[in-house]
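Taking it in order: structure first as structure tokens, then the write-up.
Chain identifiers are assigned alphabetically (A, B, ...) following the order of the sequence lines, protein sequences preceding nucleic acid strands; residue numbering begins at 1 within each chain.
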There are 2 protein chains.
Amino acid sequence: MDLFVSKYFNKIDKKGRISLPSSFRNALPKTNRNEIILYKSIKSSSIEGCGVGRLKEIAKRINNLDFFSEDYDDFSTSIFSEIITTNVDKEGRFLIPEELKLYAGIKTEAAFFGQGHFFQIWEPKQGLKNTEDSRRRLLKEKKSLRMMLTQQK
Amino acid sequence: MDLFVSKYFNKIDKKGRISLPSSFRNALPKTNRNEIILYKSIKSSSIEGCGVGRLKEIAKRINNLDFFSEDYDDFSTSIFSEIITTNVDKEGRFLIPEELKLYAGIKTEAAFFGQGHFFQIWEPKQGLKNTEDSRRRLLKEKKSLRMMLTQQK
DNA sequence: TGGGATTATTTGGGCGTCAATGGGTATATG
DNA sequence: CATATACCCATTGACGCCCAAATAATCCCA
């Protein structure tokens, strides 16, 4: 499965290492599975991550915004300049930079949430609350979520 | 037959394994019959499942949403982080995650209900009650059911 | 068409492998 | 030289794989 799916709760050890869930490792391109990128989410107090290949896709997204708009600069700056690359060790662990941990309020444990082509890292409680909130918002529009899940091609 | 049809009642063993009904296994695409996805039903306290192929469809659809919108995050979170992928072993068994078992009230036995392009997993009694209820609702509209079944194109 | 034989499916359990975690030590980097 | 990080090895528990028994479904022939 080449998508980031499900949620996982892992611990940060004394050295600051945390395991990237095995299924997430497998979702990374086979060519480069020991390097990921991390950045602050612009929409929530979470960290977003993905394989380095995804960078091009992000660039494309931003490029689709109006070049002369304020948004363009803002997204461009807050995403690209903040991106951090991290190495995943032989056991599948990596270090979350202090700044990002602070941003997300993460201390000894972190929750990984699959988001398809990328994933989010949350302080566990906040992450759970966020999924509840999302779901609540969507259930108000039950029809649209059902369509998303059950529609046939 | 590549559709999930009829109903089956299987047991969960000490290790938490349960057999995916043989006919359901055969309804999965021949290319990937050892991995399925599970998620909480939006409409009922049951688990819904299907092959991973559908997940890729869903991913595509979400990907077409405006990346910077709130909807994007809501869908992405509610779907990708709530969906669970499970492996089906050589004997056709798989594990139902604890969280989903709780959601559906399943303990030692589960009922599988074919729903065409997907299937539902119920606590047996609740599942039976649900089919009765929905049949009863349908019969109240006998006329429309007859039309549905007998109308020719 | 009944009923035993054959095959398929479900269920049970042993055991090896892998993922998550912990910690020692070498190596790099400033 | 001190701190940070990568590599190596070990432990634990969960899960996948294998083999086998029990149950259900199907077949086939008298």
Side-chain angles (χ1 to χ4, degrees), chain A residues 1-2 4-28 30 32-38 49 52 84-102 106-114 119 121-124 127, chain B residues 1 4-28 30 32-38 49 52 84-102 106-114 119 121-122 124 127:
Chain A
M1 173 67 67
D2 56 348
F4 300 104
V5 184
S6 289
K7 50 178 183 278
Y8 302 89
F9 299 85
N10 290 345
K11 295 185 206 327
I12 296 177
D13 69 19
K14 291 171 197 165
K15 298 182 176 182
R17 299 174 298 190
I18 188 167
S19 287
L20 184 65
S22 161
S23 86
F24 283 17
R25 262 136 54 199
N26 291 330
L28 294 171
K30 327 90 220 138
N32 190 2
R33 288 194 161 161
N34 53 359
E35 196 175 21
I36 57 174
I37 66 173
L38 301 174
V52 289
I84 290 166
T85 71
T86 311
N87 290 50
V88 179
D89 73 17
K90 293 281 171 70
E91 282 75 35
R93 293 175 289 194
F94 67 101
L95 298 170
I96 305 176
E98 208 51 46
E99 187 193 350
L100 294 183
K101 278 200 280 190
L102 269 173
I106 292 169
K107 288 186 231 144
T108 63
E109 197 177 357
F112 293 84
F113 290 86
F119 57 87
I121 310 175
W122 287 79
E123 186 283 321
Chain B
M1 169 69 73
F4 301 105
V5 294
S6 86
K7 52 179 182 283
Y8 301 89
F9 299 84
N10 289 344
K11 295 187 204 331
I12 296 177
D13 70 19
K14 291 172 197 165
K15 295 183 173 183
R17 300 173 298 190
I18 189 168
S19 286
L20 183 67
S22 162
S23 86
F24 284 17
R25 261 135 55 199
N26 291 330
L28 295 171
K30 328 87 219 143
N32 193 359
R33 288 194 161 160
N34 52 359
E35 198 175 20
I36 57 174
I37 67 172
L38 302 175
V52 292
I84 287 161
T85 66
T86 311
N87 290 47
V88 179
D89 72 17
K90 292 282 168 70
E91 283 74 35
R93 293 174 289 192
F94 66 100
L95 297 171
I96 306 177
E98 209 51 45
E99 187 190 351
L100 294 184
K101 280 199 280 190
L102 269 173
I106 292 169
K107 288 188 230 143
T108 63
E109 197 178 357
F112 293 83
F113 291 87
F119 57 87
I121 310 175
W122 287 79

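Distance CG (A:D13) to P (C:dA19): 18 Å, rounded to an integer number of Å. Rounded to an integer number of Å, the gap from NZ of B:K11 to C1' of D:dA24 is 12 Å. For A:E98 and D:dT5, the CD to C1' distance is 15 Å, given to the nearest whole Å. What separates CD1 of A:I96 from P of D:dA4 is a distance of 17 Å, to the nearest Å. One atom, CZ of A:F9, and another, C1' of D:dG13, lie 19 Å apart when rounded to the nearest Å. Per the geometry, CZ belonging to A:F94 stands 12 Å off P belonging to D:dA6, to the nearest Å. Rounded to a whole Å, the CG atom of B:D89 is 18 Å from the P atom of C:dC15. At whole-Å resolution of the value, CG in B:N10 and P in C:dT9 are 12 Å apart.
Residue contacts shown for B:K15 include a base, since a base heavy atom lies under 4.0 Å away. Residue contacts shown for A:L20 are limited to sugar-phosphate atoms, with no base heavy atom under 4.0 Å away.
Under 4.0 angstrom from either OP1 or OP2 of D:dC18 there lies at least one side-chain N or O belonging to B:K90. Phosphate contact (OP1/OP2 of C:dT9, side-chain N/O of B:S19, threshold under 4.0 Å): absent. Contact annotation: B:R25 does not reach the phosphate of C:dA8 (side-chain N/O to OP1 or OP2, under 4.0 Å).
Distances were taken from every side-chain heavy atom of B:S22 (C-beta onward) to each of C:dT9, D:dA6, D:dG16; the shortest belongs to C:dT9.
Of the listed residues (B:T85, B:L28, B:V52), just one forms a side chain to side chain contact (heavy atoms under 4.5 Å, CB included) with B:I36, and that residue is B:L28.
For B:R17 against D:dG16, a side-chain-to-base donor-acceptor contact under 3.5 Å is absent. Between the side chain of B:E91 and the base of D:dC17 there is no donor-acceptor pair of N/O atoms closer than 3.5 Å. Side-chain N/O atoms of B:R93 and base N/O atoms of D:dG16 include no donor-acceptor pair closer than 3.5 Å.
Heavy-atom minimum distance, B:G114 versus B:F119: CA-CB, 4.3 Å. Taking every heavy atom of both residues into account, A:I106 and A:E123 meet most closely at CG1-N, 3.6 Å.
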Could you check A:F112 against A:Y8 for ring-ring contact (aromatic ring centres under 6.0 Å, His included), going step by step and ending with a plain yes or no? CA-CA 5 Å; A:F112 293 84; A:Y8 302 89; 7.8 Å; no

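For the pair A:I18 and A:E109, the minimum side-chain heavy-atom distance is 4.5 Å or more.
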